[in-house]
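Below, chain A is the first sequence line, B the second, and so on; all start at residue 1. This structure is a prediction, so every number in the text was calculated from the model and none was measured.
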Amino acid sequence: MRSLGIDVGAKRKGLDAVLLDETLIPSETRRHMGVEEVGELIRQVRPDVVAIDSPPAWGRSPGGSRLTEREIRRFGIQSFGTPSDPKKASSVFYDWMRAGFEVFEAAAQEGFARYASGAVAGRAIEVFPHATAVVLAGCLPPSGTAAGRAKREWRRGVLRGEGVATEDLRSSDQVDAALAALTGLYALGGRCFAPGDPLEGVIVLPAATLPPPPYPRCRQAERSDGQDQLVFHGLARCGCGHPDCASSTSREFAPGHDAKRKSLLWGLARSGQDAVDELRRRGWQVPPEMG
DNA sequence: GTAACCCACCAATGATTTCA
DNA sequence: TGAAATCATTGGTGGGTTAC
């Protein structure tokens, strides 16, 4: 079984591809490919499934997102919506989605029709590396991994946890392509779940069933050997300082408690300079009468 | 000098929470 | 109830750093 994962970027960035089989060692990696090279690559590596990190087409349901994206969001997995409104879809922001449509078209020309339901063999499936990583880890990324190196390392750790050799994956795009390929590999073995409306496209996840929503957040801890280790479900005490607050959070404040902190500081600011200093440091307004 | 990489910021959108 | 703020997803871009 061979799965070809493709991470989609707009023209300037290009496509990244990783081929995985049961050995879980990437046997083929490509960087910064053009869409026109996809067909040739598929003919060359002859995968059993093509997993593409992009929607196959614009949405059909009203609003800024598809049913599959709304379903996944219920689990706490954030994603960009695929718009159905042509006006919104014309934004340059969605160039990468348009590139993804072309990749699905190129795959179809090689016999990999767009997946809707049933077995994935011989199909082009839509995947979402972030959702794949969350499902495999069993939790959302630790706080502070929203971007950059931390995000890549967290996902790389998830791949390693599944037994995938990650030494040859040089960029975050290749890590995402590997996650896509791994999703395809699991789906070939029947381990997959694809919520949403098959008519407008479904995102394939590497699990037969999902736990009750939402996913908890992982915590990053330092190991004695200096390497990071995932610690699940860990949360810290909310920093709002309100006496009635018993909330736990992965960030400084529980959602909405920044406003609570601000309100508290306003009260303090009316009688002390320290609170005024903290308000100014955070870029928050001081009480009008002190402005 | 060039390529590769990293980081911060921006864009569109939605969920959540509090305050006014 | 609406406004506001935060946080999360994605890729694009520009500037800085590093390696060859």
Next item on the list: Taking only the side-chain nitrogens and oxygens of A:R155, find out if one of them lies under 4.0 Å from OP1 or OP2 of C:dT10.
Entry: yes
Notebook entry, point to check: Considering residues at least two apart in sequence or located in another chain, which fulfil the salt bridge (charged side-chain N to carboxylate O under 4.0 Å, His left out) criterion with A:R66?
Noted result: A:E69, A:E126
Next item on the list: Would you kindly give the CD-to-C1' distance between A:E69 and B:dA15, to the nearest whole Å?
Entry: 15 Å
Next item on the list: Specify the separation, in whole Å, of atom NE2 of A:H130 and atom P of B:dG14.
Entry: 17 Å
Margin query: According to a cutoff of under 5.5 Å between the ring centres and under 30° between the ring planes, does A:F80 stack with the base of C:dT10?
Written below: no
Margin query: Nearest 0.5 Å, please: how far is CG in A:L24 from OG1 in A:T166?
Written below: 11.5 Å
Next item on the list: Could you tell me whether A:D176 and A:R155 make a salt bridge, using a distance below 4.0 angstrom between a side-chain N and a carboxylate O?
Entry: yes
Item checked: Within residues 34-58 of chain A or reaching into it, pairs that qualify as ring-ring contact (aromatic ring centres under 6.0 Å, His included) - sequence neighbours excluded -> A:W58-A:F101
Notebook entry, point to check: What nucleotide among B:dG14, B:dA12, C:dG11 has an atom nearest to a side-chain atom of A:R73?
Noted result: B:dG14
Margin query: Could you tell me how far apart A:F128 (CZ) and C:dA8 (P) are, to the nearest whole angstrom?
Written below: 14 Å
Checklist line | Whole-Å gap separating P (B:dG14) and CZ (A:R66) | finding: 14 Å
Item checked: A:W96 CH2 - B:dC10 P separation (whole Å) -> 21 Å
Check: What's the CD1-P distance between A:I77 and B:dA15, to the nearest Å?
Finding: 14 Å
Next item on the list: May I have the distance from A:R70 (atom CZ) to B:dT16 (atom P), rounded to whole angstrom?
Entry: 15 Å
Notebook entry, point to check: When the distance from CD1 of A:I72 to P of B:dG14 is rounded to whole Å, what number comes out?
Noted result: 15 Å
